[in-house]
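What follows is a short report on a single structure.
Throughout, a chain's letter reflects where its sequence line sits, starting with A, and its residues are numbered from 1. What's counted below: heavy atoms across the whole structure, side chains too, no hydrogens, waters or symmetry copies.
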2 protein chains.
Amino acid sequence: MSINPRQTTESRQAEIIATMVRLSAERSPAEITTTDIAKAMGVTQGALFRHFATKEAIRLAVVEWIDEHLMFELLAAKERSTDALAALKAMFMAHVGFAKAHPGAPRLIFGELQQPNASPVKQRVQQIMQRYRQTLSQTLAAAIEAKLIRADADCPSAAALFLGAIQGLVIQSMLSGNTEQMEQQAVGVLELYLAALGVKS
Amino acid sequence: MSINPRQTTESRQAEIIATMVRLSAERSPAEITTTDIAKAMGVTQGALFRHFATKEAIRLAVVEWIDEHLMFELLAAKERSTDALAALKAMFMAHVGFAKAHPGAPRLIFGELQQPNASPVKQRVQQIMQRYRQTLSQTLAAAIEAKLIRADADCPSAAALFLGAIQGLVIQSMLSGNTEQMEQQAVGVLELYLAALGVKS
DNA sequence: CTAGTAAGTAATTTAATACTTACAAGCGCC
DNA sequence: GGCGCTTGTAAGTATTAAATTACTTACTAG
């Protein structure tokens with residue numbers, strides 16, 4: 001079939017990653033087989049192993065894709081904000097928007113959480129989250145500096161609550177399957193979060 | 001061996017559930033096989049099917065065990081509190097304490113989140129979380145009534161943030177493998193959460 | 001003491017899964 | 001236009017899982 005010509009490894013890798021993320025939106029990532037991915041791509045199962053050595057390599061590449069694209073969105077949100085407080089709001093909504101645009105992404109991350117500590121993929125996730133929390137802490141500190149939020153707010157706790165608020169919303173949407181509702185509820189939760197930082201609505 | 005005499009189905013079911021929770025503390029629940037459980041119990045794999053018809057039945061029983069025991073702890077925490085605000089604090093710490101005492105429990109719940117919506121086990125989790133949020137909303141409303149928290153706080157959002165805060169802490173502890181740290185951080189996060197409700201520290 | 005039932009074992013079945021291999025065919029390059 | 005590398009296929013392998021089966025052993029009631 002001419003629908004499916006030969007392609008470069010680079011483009012196939014991207015396609016495999018995209019397919020994995022897409023399929024993860026509906027099914028448990030752990031249960032997605034190489035056959036599933038291949039079928040969704042219109043290619044035979046063995047072909048995948050031309051582009052990734054093992055399935056674990058696919059999982060790692062997917063996690064890296066998520067990191068790259070989420071961080072891009074967060075940075076963009078931050079840069080289009082005029083101050084640190086606006087940046088926090090924009091990052092919050094950008095993260096929720098990312099989860100809505102790619103519902104498979106959080107499922108993949110949650111799946112990797114389950115893995116034993118030694119797993120390289122999990123270590124990558126660990127690193128990603130740590131960096132994220134650091135960025136948040138910095139932005140929070142900047143907001144304190146600019147007197148936009150309470151001076152006595154504990155930055156690490158505030159960063160943890162920021163992430164938790166989003167994760168809670170994502171978990172709820174995973175249960176209901178309704179990402180629309182998640183985005184709506186995000187507004188209310190964000191407002192409450194900001195109140196914790198001493199921001200009046 | 002006399003260590004392992006014959007037992008009733010009831011006690012074996014409890015043992016299977018306990019073993020599943022215990023093993024989930026270290027490994028991904030999805031990867032725990034019936035052979036793993038049987039080995040940990042000192043029994044043959046086939047024996048499990050004398051007590052549960054399928055593996056899914058085991059998973060359902062485990063989720064129900066978690067529900068029952070977590071709700072027991074939460075209710076106890078609530079009842080030993082003198083007012084609605086103290087109840088919220090006590091429930092928060094009780095939930096975190098439960099996650100510390102049974103690290104496998106959140107992993108099992110997160111694992112079920114991944115399943116398709118039609119799954120009976122996931123539906124059970126959905127129901128559990130919904131009831132939990134309702135309980136929280138009621139307690140929050142009572143706290144408003146008693147003028148212990150801001151009158152204009154949005155109860156559904158506050159319930160969502162409460163759960164998210166805990167889930168965020170749990171996720172972090174799943175990454176670090178450190179439940180001790182989770183409990184310490186919980187104090188700071190709880191304080192921040194209460195600030196969102198207008199409670200001065 | 002004997003018959004029925006519940007709980008256990010050991011071995012087997014069936015169905016997937018990740019990964020491999022032998023071979024074919026397109027593409028760029030000299 | 002042939003050469004070699006890459007991407008693809010089709011078929012195969014080894015392994016693993018849940019569930020089943022045939023048989024055994026312990027307990028209990030009449």
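The side chain of Thr44(A) contributes no N or O atom lying less than 4.0 Å from OP1 or OP2 of dG8(D). Dashed line: the shortest gap from a side-chain N or O of His51(B) to OP1 or OP2 of dA6(C) is not under 4.0 Å. Side-chain nitrogen and oxygen atoms of Thr35(A) include none within less than 4.0 Å of the OP1 or OP2 phosphate oxygen of dA16(C).
A straight line from NZ of Lys55(A) to P of dA16(C) spans 15 Å, rounded to a whole angstrom. Atom CD in Glu56(B) sits roughly 13 Å away from atom P in dA18(D) (whole-Å rounding). Here the P atom of nucleotide dT17(C) and the CD atom of Glu31(A) are 10 Å apart, to the nearest Å. Rounded to an integer number of Å, the gap from Arg12(B) CZ to dT9(C) P is 8 Å. Residue Arg59(B) contributes atom CZ, which lies 11 Å from atom P of dA18(D) at whole-angstrom precision. With rounding to whole Å, Phe52(B) atom CZ is found 13 Å from dG8(C) atom P. Rounded to whole angstrom, the span from the CD atom of Gln13(B) across to the P atom of dG8(C) amounts to 11 Å. If you measure from atom CD1 of Ile37(A) to atom C1' of dA18(C), you get 11 Å, rounded to the nearest angstrom.
Taking the side chain as every heavy atom from C-beta outward, Leu85(B) and Thr139(B) never approach each other to under 4.5 Å. In this structure the side chain of Pro116(A) never reaches within 4.5 angstrom of the side chain of Arg27(B), judged on heavy atoms. At a threshold of 4.5 Å between non-hydrogen side-chain atoms, the residues Leu74(A) and Phe98(A) do not count as touching. Two residues are said to be in side-chain contact when any heavy atoms from C-beta on lie closer than 4.5 Å; Gln185(B) and Gln172(B) meet this criterion.
The Thr34(A) side chain lies nearest to dA18(C) when the options are dA19(D), dT9(D), dA18(C). Comparing dA19(D), dC19(C), dG8(C) against the side chain of Phe49(A) picks out dC19(C) as the nearest.
If you find the closest nucleotide of DNA chain C to Gly46(A) and to Asp36(A), the one lying nearer the 5' end belongs to Asp36(A).
Residue Glu191(B) places its CD atom among 12 or fewer non-hydrogen atoms of other residues, nucleotides or ligands, all under 6.0 Å distant. Within a 6.0 Å radius of CD in Glu145(A), other residues, nucleotides and ligands contribute 12 heavy atoms or fewer. Enclosure of atom CD in Gln134(B) by more than 12 non-hydrogen atoms of other residues, nucleotides or ligands within 6.0 angstrom is indicated.
Taking a 4.0 Å limit (strictly below) on heavy-atom distances, residues 18-28 of chain A does not reach DNA chain C anywhere.
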Show me the protein contacts with nucleotides 24-29 of chain C, counting only N or O atoms at under 3.5 Å.
residue	atom	partner	partner atom	Å
dA25(C)	N3	Arg6(A)	NH1	3.4

Give me the distances for all protein-to-nucleotides 12-14 of chain C N/O pairs that come in under 3.5 Å?
none

request  = Would you sort out whether Lys100(B) and Glu180(B) count as a salt bridge (charged side-chain N to carboxylate O under 4.0 Å, His left out), showing the intermediate values?
outcome  = CA-CA 8 Å; Lys100(B) 186 188 172 193; Glu180(B) 204 63 57; 3.3 Å; yes
task = Output, in order, the C-alpha distance, side-chain angles, deciding distance and verdict of side-chain hydrogen bond (donor to acceptor under 3.5 Å, both in side chains) for Thr34(A) and Gln45(A).
result = CA-CA 6 Å; Thr34(A) 50; Gln45(A) 185 245 1; 2.9 Å; yes
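Rounding to the nearest 0.5 Å gives a distance of 5.5 Å between CE of Met91(B) and NZ of Lys78(B). One finds the CZ atom of Arg131(B) at 5.5 Å from the CD atom of Gln127(B) (value rounded to the nearest 0.5 Å). Taking CD1 of Ile144(A) as the start and SG of Cys155(A) as the end, the distance is 4.0 Å to the nearest 0.5 Å.
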